[in-house]
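Report on one structure; see the data block that follows.
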Number of protein chains: 2
Amino acid sequence: MTPSARRHISASGSGSAYDAGPSGGGERVRIVDLAQELQLSVATVSRALNHVPTVDDDIAQQVRDLAERRGYVANRLARSLRMRTPPFVGFLVPDVENLAYSIAVDACAKYVGQLGYQLILVISGDDSASEYAALRSLAEAQVAGLIVAPSPDMSEESRALLAGRSVVQFNRDCGLSDYTVVCDDRPAFADATRHLLELGHTRFAYVGTTDVVSNGRDRLEGVRGELSRAGRRLSNASTRLLPPTETDGYAAAYELFTTGSRPTALVVGSSNLSMGVARAVRELGIAIPQEMSLVVYGDDRWGGLYEPGLTTITAPYREMARTVADIVTELLSGGRRPRRGPVRLPAELVIRGSIAPAPPRSR
Amino acid sequence: MTPSARRHISASGSGSAYDAGPSGGGERVRIVDLAQELQLSVATVSRALNHVPTVDDDIAQQVRDLAERRGYVANRLARSLRMRTPPFVGFLVPDVENLAYSIAVDACAKYVGQLGYQLILVISGDDSASEYAALRSLAEAQVAGLIVAPSPDMSEESRALLAGRSVVQFNRDCGLSDYTVVCDDRPAFADATRHLLELGHTRFAYVGTTDVVSNGRDRLEGVRGELSRAGRRLSNASTRLLPPTETDGYAAAYELFTTGSRPTALVVGSSNLSMGVARAVRELGIAIPQEMSLVVYGDDRWGGLYEPGLTTITAPYREMARTVADIVTELLSGGRRPRRGPVRLPAELVIRGSIAPAPPRSR
DNA sequence: TTGTATGCGTTATCAC
DNA sequence: GTGATAACGCATACAA
């Protein structure tokens with residue numbers, strides 16, 4: 001019995017359209033099957049399929065025709081094992097709902113696809129144990145390169161897993177690689193603060209994420225720095241650093257608005273937090289911008305919908321995505337290495353009606 | 001020379017931290033390397049690594065310790081080739097920026113990860129050629145199952161590629177599989193229309209996507225059906241079916257608002273279109289809801305921010321994601337097959353201030 | 001131009 | 001309890 005004989009066991013009277021192959025056979029067709037049917041060696045078939053020029057034109061055409069008819073699909077796992085060239089690129093993100101990540105993942109999946117790679121997406125949930133598991137599974141898949149948006153507290157084991165591989169850091173710089181694409185938030189937050197100062201505000205508050213991640217730190221420092229240049233400072237009571245969730249933002253804002261003297265200017269340093277803050281604002285019936293000026297962070301697409309419009313600090317999502325995709329592309333295509341060092345793309349401040357002069361009686 | 005001897009060529013004085021392995025070696029360590037170092041056979045090492053009980057406890061521990069020390073990472077491609085059990089699940093989406101898809105992708109990546117699979121993400125861009133290429137690459141990766149949000153005009157070749165595989169349709173039903181998770185938009189669109197009718201509106205307009213996809217059709221039919229029950233109909237002039245992009249929405253709305261008699265009630269049937277429409281509304285200074293009532297579709301997170309709030313029809317994204325992840329999970333774990341037939345989750349109508357009685361002088 | 005034989009890293013089937 | 005050895009599907013060095 002030939003090695004492939006046992007393959008041809010499937011019945012002709014196949015079941016539903018979903019569980020039968022193109023020719024009615026459930027089993028995948030391999031090179032050896034084609035070779036047998038054409039009375040050729042696997043080597044010749046392989047060469048024909050790969051357009052190796054030494055193979056006879058007629059034979060080659062025959063092979064490719066048969067391959068098409070029989071619905072032959074190459075096994076990339078086997079090919080990759082033999083060629084020692086992995087077909088995958090990994091992308092690790094905390095979550096893919098975040099617009100920054102979804103746009104970047106989208107761009108990278110398209111780009112690497114054009115290069116013949118495929119993108120394996122893994123989610124860390126910003127949890128260091130899940131992150132390690134995710135990275136390990138990427139390593140097991142022999143990824144040719146990986147894009148990593150590290151969690152704030154990446155473990156040593158995780159870092160070790162990354163050693164010796166082509167990695168590009170995205171959105172967060174944790175010193176894992178020479179290749180990094182981040183958003184430079186600081187100037188935009190400083191600008192926003194300066195605007196608020198010029199509008200006469202004195203009671204500032206900031207709601208942002210924990211400052212161990214570089215982004216969180218930068219945003220907070222943007223506000224703090226500009227305040228201190230004006231001889232002011234952010235009190236601890238009016239600085240809230242939280243996990244980036246809607247509910248945390250809501251809770252923090254609610255408390256901020258209902259205890260002590262209410263701030264007249266509030267800057268929010270995260271997209272999810274912004275949504276929670278907005279909910280608290282609306283629920284408490286706080287008039288924007290008459291009673292309070294508000295600067296939020298994140299997706300700008302809805303900010304312009306209603307009057308007075310929402311002043312928004314927004315990351316250059318598309319540009320970040322394009323940049324990281326370009327770097328990965330260059331890294332993979334093996335040509336000249338991309339320029340080393342972090343690429344810092346400035347965030348943009350979009351001013352709309354949600355900021356206004358401080359109310360007269362403030363302080 | 002032993003097979004592995006040529007491996008140990010890397011120098012001790014390694015370069016930067018990013019291009020050296022944990023032990024300073026750039027080469028990956030394989031089972032045979034561990035076996036040689038411990039003077040064992042590859043079989044024993046493999047068994048120890050896989051916790052096969054027949055192996056001596058001491059030996060097993062030794063092996064696992066060494067594996068850890070040397071940073072051994074299994075090659076899943078080789079394992080999968082041998083075991084004939086693919087480690088991947090594929091997910092095909094038109095784009096991953098769309099909230100419905102990003103949430104579903106997120107959920108599925110997490111779920112399949114827990115089952116030891118990894119998710120390969122491919123993007124079709126709603127283009128049938130890219131879609132075919134994407135599906136083919138998934139087939140080449142030998143995916144154990146795949147989740148597909150088909151493009152409106154999926155080609156025959158693409159369908160053939162899907163035959164014989166476990167597939168779950170997501171968000172769009174194109175008759176590719178018994179397993180389908182979609183949003184039932186029709187009732188919500190009908191509800192919205194009924195509200196608008198009760199508010200005395202007579203000049204309706206609808207801006208939606210081309211109706212060849214079931215979703216687009218359902219949404220339009222929800223509006224049309226309710227109008228006809230009230231003895232009214234949507235004129236062709238006030239029905240715009242377009243590709244789902246912000247710019248298309250803007251252009252269509254702009255034209256709708258500036259030519260002929262302006263509608264007093266507008267329903268939008270797509271998230272991207274909604275953003276374009278909103279931009280046109282604001283740019284033309286149309287007062288909502290005084291001059292026009294507006295119902296949009298999509299992400300509801302920002303709709304409640306400002307007064308009067310945005311009446312929104314929103315898909316149950318989380319529930320859809322959870323459902324599709326559950327089905328895939330059941331399909332993969334090979335237990336009892338999930339219940340066949342499409343799962344239709346109803347869209348939700350969130351009523352806010354953007355709808356109001358029709359202005360007095362209308363018709 | 002084509003066929004034979006070998007190996008990619010792993011697991012499984014046999015002996016021992 | 002352990003060790004040779006053969007496969008998994010594919011690509012290539014070498015022989016013919």
Side-chain angles (χ1 to χ4, degrees), chain A residues 1-7 27-36 38-63 67 70-88 116 139-144, chain B residues 1-7 27-36 38-63 67 70-88 116 139-144:
Chain A
M1 171 155 136
T2 66
S4 64
R6 64 186 159 73
R7 293 274 159 174
E27 298 285 345
R28 310 269 176 265
V29 27
R30 308 152 301 164
I31 283 188
V32 53
D33 299 320
L34 302 178
Q36 185 185 258
L38 291 175
Q39 301 285 42
L40 289 171
S41 74
V42 290
T44 305
V45 174
S46 171
R47 285 190 279 250
L49 258 16
N50 291 318
H51 293 84
V52 173
T54 69
V55 54
D56 180 275
D57 282 353
D58 282 352
I59 304 270
Q61 201 51 52
Q62 269 184 53
V63 170
R70 310 268 282 131
Y72 170 76
V73 174
N75 185 332
R76 292 209 62 165
L77 276 48
R79 177 203 298 250
S80 161
L81 183 61
R82 172 62 226 247
M83 310 254 291
R84 318 180 61 93
T85 128
F88 299 113
E140 290 180 349
Q142 311 293 111
V143 288
Chain B
M1 170 155 134
T2 66
S4 63
R6 63 186 159 72
R7 292 274 159 173
E27 299 284 345
R28 311 269 175 265
V29 26
R30 307 154 301 163
I31 284 189
V32 51
D33 300 319
L34 302 178
Q36 184 185 260
L38 290 175
Q39 300 285 43
L40 289 170
S41 73
V42 289
T44 305
V45 173
S46 171
R47 284 189 282 251
L49 258 16
N50 291 315
H51 293 83
V52 174
T54 70
V55 54
D56 182 274
D57 281 354
D58 282 351
I59 304 272
Q61 202 51 53
Q62 269 184 51
V63 170
R70 309 269 284 133
Y72 169 76
V73 175
N75 185 332
R76 294 210 59 165
L77 277 48
R79 175 203 298 248
S80 162
L81 183 62
R82 174 64 228 241
M83 309 252 294
R84 317 179 60 92
T85 131
F88 299 114
E140 291 181 349
Q142 311 294 108
V143 288

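Remember, it's a predicted structure, so these values are computed and weren't measured experimentally. Lettering follows sequence order; numbering is per chain, from 1.
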Terminal helix-axis angle for the helix from dT1(C)-dA16(D) to dC16(C)-dG1(D), with five pairs defining each axis and rounding to 10 degrees: 50°
Taking atom C1' of dC10(D) as reference, at what distance in whole Å does atom CZ of R28(A) sit? 17 Å
Counting only side-chain nitrogens and oxygens, does R30(B) get under 4.0 Å of the OP1 or OP2 atom of dG9(C)? yes
Quickly work out the R47(A) CZ to dC10(D) C1' distance and round it to whole Å. 13 Å
Does the side chain of S46(B) get closer than 4.0 angstrom to OP1 or OP2 of dT11(C) through an N or O atom? yes
Looking only at the side chain of R82(A) (C-beta and beyond, no hydrogens), which of the listed nucleotides dG3(D), dT2(C), dG9(D) gets closest? dG9(D)
Would you mind reading off the distance between M83(B) atom CE and dT13(C) atom C1', rounded to a whole angstrom? 15 Å
To the nearest angstrom, how far is D57(A) atom CG from dT2(C) atom C1'? 15 Å
For dG9(C), does OP1 or OP2 lie under 4.0 Å from any side-chain N or O of R84(A)? yes
Looking only at non-hydrogen atoms, find the nearest pair between P87(A) and R76(A) and report the distance. CB-NH2, 3.2 Å
Per atom distances to the L40(A) side chain, the nearest of dG9(C), dG3(C), dT2(D) is dG3(C)
May I ask you to say what L77(B) touches in the nucleic acid, namely base, sugar-phosphate or nothing, with a heavy-atom cut-off under 4.0 Å? nothing
So if I apply the side chain to side chain contact (heavy atoms under 4.5 Å, CB included) rule between V63(A) and each of L49(A), T44(A), I31(A), which one comes out positive? L49(A)
Closest non-hydrogen atom pair, F88(B) against A141(A): CZ-CB, 4.3 Å
Phosphate-side-chain proximity, T44(A) and dG3(C), N/O vs OP1/OP2 below 4.0 Å: yes
Please give me the minimum heavy-atom distance between A60(A) and A48(A), naming the atom from each residue. CA-CB, 3.9 Å
When you check the phosphate oxygens OP1 and OP2 of dG9(C), does a side-chain N or O of R76(B) lie under 4.0 Å from one of them? no
Interatomic distance, H51(B) NE2 vs dT11(C) C1' [rounded to whole Å]: 16 Å
Whole Å only: how far is the CD atom of Q62(B) from the P atom of dG1(D)? 16 Å
Is the distance from OP1 or OP2 of dG9(D) to the nearest side-chain N or O of R79(A) less than 4.0 Å? no
Contact nearer the 5' end of DNA chain C, comparing N50(B) with V55(A): V55(A)
Taking every heavy atom of L77(B) against every heavy atom of S80(A), the minimum-distance pair comes out as CD2-OG, 3.2 Å
How do V29(A) and V45(B) order along DNA chain D: which one's closest nucleotide is nearer the 5' end? V45(B)
Taking the side chain of L81(A) as heavy atoms from C-beta outward, which of dT11(C), dG9(C), dA4(D) is closest to it? dG9(C)
Side chain to side chain contact (heavy atoms under 4.5 Å, CB included) with V45(A): of D33(A), I59(A), L40(A), only one passes, and it is L40(A)
Can you find a side chain N or O atom of Y72(A) that sits less than 4.0 Å from OP1 or OP2 on dC10(D)? yes
Using the closest heavy atom to pick a nucleotide of DNA chain C for each, name whichever of I31(B) or I59(A) lands nearer the 5' end. I59(A)
Protein-nucleotide distance (D33(B), atom CG; dC8(C), atom C1'), rounded to Å: 13 Å
For L38(B) and Q62(B), the nearest pair of non-hydrogen atoms, with its separation, is CD2-OE1, 3.8 Å
To the nearest 0.5 angstrom, please state how far the CZ atom of R30(A) sits from the OH atom of Y72(A). 10.5 Å
When you check the phosphate oxygens OP1 and OP2 of dC8(C), does a side-chain N or O of N75(B) lie under 4.0 Å from one of them? no
In whole angstroms, how far is the P atom of dT10(C) from the CD atom of E140(A)? 10 Å
